[in-house]
Amino acid sequence: MDTLTMLMLSAVSQANALLLDARQVIGLVAAALAAMLAARLGWHGTDRVLARRSEDDAT
């Protein structure tokens, strides 16, 4: 019974350490995705503004 308890405790502590390391990587990936999304949205918004201005100039 002692061996089983020790094995379970070891598995839980290893999973906890893995999650702590993975949390930093997940944060970096999420930040990179958010930056790419913001850049894409900014580019799209700029295109819309420029298109609207050229339509106003044409009329």
Side-chain angles (χ1 to χ4, degrees):
M1 187 69 173
D2 239 5
T3 307
L4 182 61
T5 305
M6 192 60 119
L7 182 64
M8 288 176 61
L9 183 62
S10 171
V12 168
S13 66
Q14 287 177 358
N16 189 23
L18 180 63
L19 285 175
L20 285 176
D21 289 342
R23 192 177 303 167
Q24 292 176 351
V25 173
I26 291 170
L28 287 174
V29 169
L33 286 175
M36 289 190 300
L37 181 63
R40 175 77 174 160
L41 187 62
W43 185 264
H44 185 69
T46 302
D47 285 346
R48 293 278 179 158
V49 168
L50 291 176
R52 188 171 294 154
R53 282 188 182 173
S54 30
E55 286 176 5
D56 290 341
D57 291 341
T59 58

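- Judged as a side chain to side chain donor-acceptor pair (under 3.5 Å), and not counting sequence neighbours, Arg40 has no contacts.
- A distance-only check finds a donor-acceptor pair linking the side chain of Ser13 to the backbone of Leu9 [under 3.5 Å].
- Checked against side chain to side chain contact (heavy atoms under 4.5 Å, CB included), Leu20 has the following partners two or more places apart in sequence or in another chain: Asn16, Arg23.
- Residues passing the side chain to side chain contact (heavy atoms under 4.5 Å, CB included) test with Val29, sequence neighbours excluded: Val25, Leu33.
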